[in-house]
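Heads up: numbering here begins at 1 and tracks the sequence. As the structure is a prediction and not an experimental result, all values here were calculated from the model.
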Amino acid sequence: MILVDTNILIDFFNAPTSEAAAVFLYNNVATCGIVHAELLHGSKDEKDSAAIQAMLSGLGYVELTKDDWTQVGLLLARLRGCGLSVPMADAIIAYLALREDAEIWTNDRHFTLMKAVLPGMRIFEP
């Protein structure tokens, strides 16, 4: 599974490429709630919001449970203990990728920084 970050979906939504389209077509690509919320937060109007929701409906979805929220908090504390402060959204995506043994498709440098602290975290490179 490839867990896709918000920045990749924004780039694809604004300027789709055949390379990115192939990743979506030929791989198990999923999102999570924080990515949905971030994308919809950036929508310009109802038409834009509907287009975003249509795009998301074609992707897999990974859910967080009550216990997962505890684990996200512990992961954030661990990162902070190593001197690394990252946005909660990025920590959620990193946690879910680790839990699901998924690669993260992102352009965000926070994930490269987290990778040094979180063994097993993998970043997808198309």
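- Expressed to the nearest 0.5 Å, how far CD of Q71 lies from CZ of R99 amounts to 10.5 Å.
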Please list, one pair per line, the donor and acceptor atoms closer than 3.5 Å that link side chains of residues 8-26 to other protein atoms, with sequence neighbours excluded.
residue : atom : partner : partner atom : Å
D11     : OD2  : N107    : ND2          : 3.4
N14     : ND2  : I10     : O            : 3.2
T17     : OG1  : A20     : N            : 3.1

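- Shown here for N7 and D5, the closest heavy-atom pair between the two residues is ND2-OD2, 3.0 Å.
- A search for side-chain hydrogen bond (donor to acceptor under 3.5 Å, both in side chains) contacts involving H36 returns T31, not counting sequence neighbours.
- Under the 4.5 Å side-chain criterion, counting only non-hydrogen atoms from C-beta, N28 is not in contact with I2.
- When side chains are defined from C-beta on, I123 counts as touching K115, because their heavy atoms get closer than 4.5 Å.
- Here the closest non-hydrogen pair linking V62 and A30 is CG2-CB, 4.0 Å.
- Distance CG/L3 to CD1/I104: 6.5 Å, rounded to 0.5 Å.
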Quiz: residues 74-88 side-chain donor-acceptor pairs under 3.5 angstrom, not counting sequence neighbours:
residue : atom : partner : partner atom : Å
R78     : NH2  : V117    : O            : 3.1

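- The side-chain hydrogen bond (donor to acceptor under 3.5 Å, both in side chains) search around T6 returns E38, not counting sequence neighbours.
- L64 and Y61 fall into different hydrophobic clusters, defined by Ile, Leu, Val, Met, Phe, Trp and Tyr side-chain heavy atoms under 4.5 Å apart, directly or through other members.
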Please tabulate, for the side chains in residues 41-51, all donor-acceptor contacts under 3.5 angstrom to protein atoms that are two or more places apart in sequence or on a different chain.
residue : atom : partner : partner atom : Å
S43     : OG   : L40     : O            : 2.8
D45     : OD1  : K47     : N            : 3.1
D45     : OD1  : D48     : N            : 2.8
D48     : OD2  : K44     : N            : 2.9
S49     : OG   : Q53     : NE2          : 3.0

Contacts under 3.5 angstrom, residues 89-96 side chains, donor-acceptor by atom type, not counting sequence neighbours:
residue : atom : partner : partner atom : Å
D90     : OD2  : H110    : ND1          : 3.0
Y95     : OH   : D68     : OD1          : 2.5

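- The line from CE of M121 to CE of M114 is 5.0 Å long, rounded to the nearest 0.5 Å.
- The two residues V4 and L59 make their nearest non-hydrogen contact at CG1-CD1, 4.5 Å.
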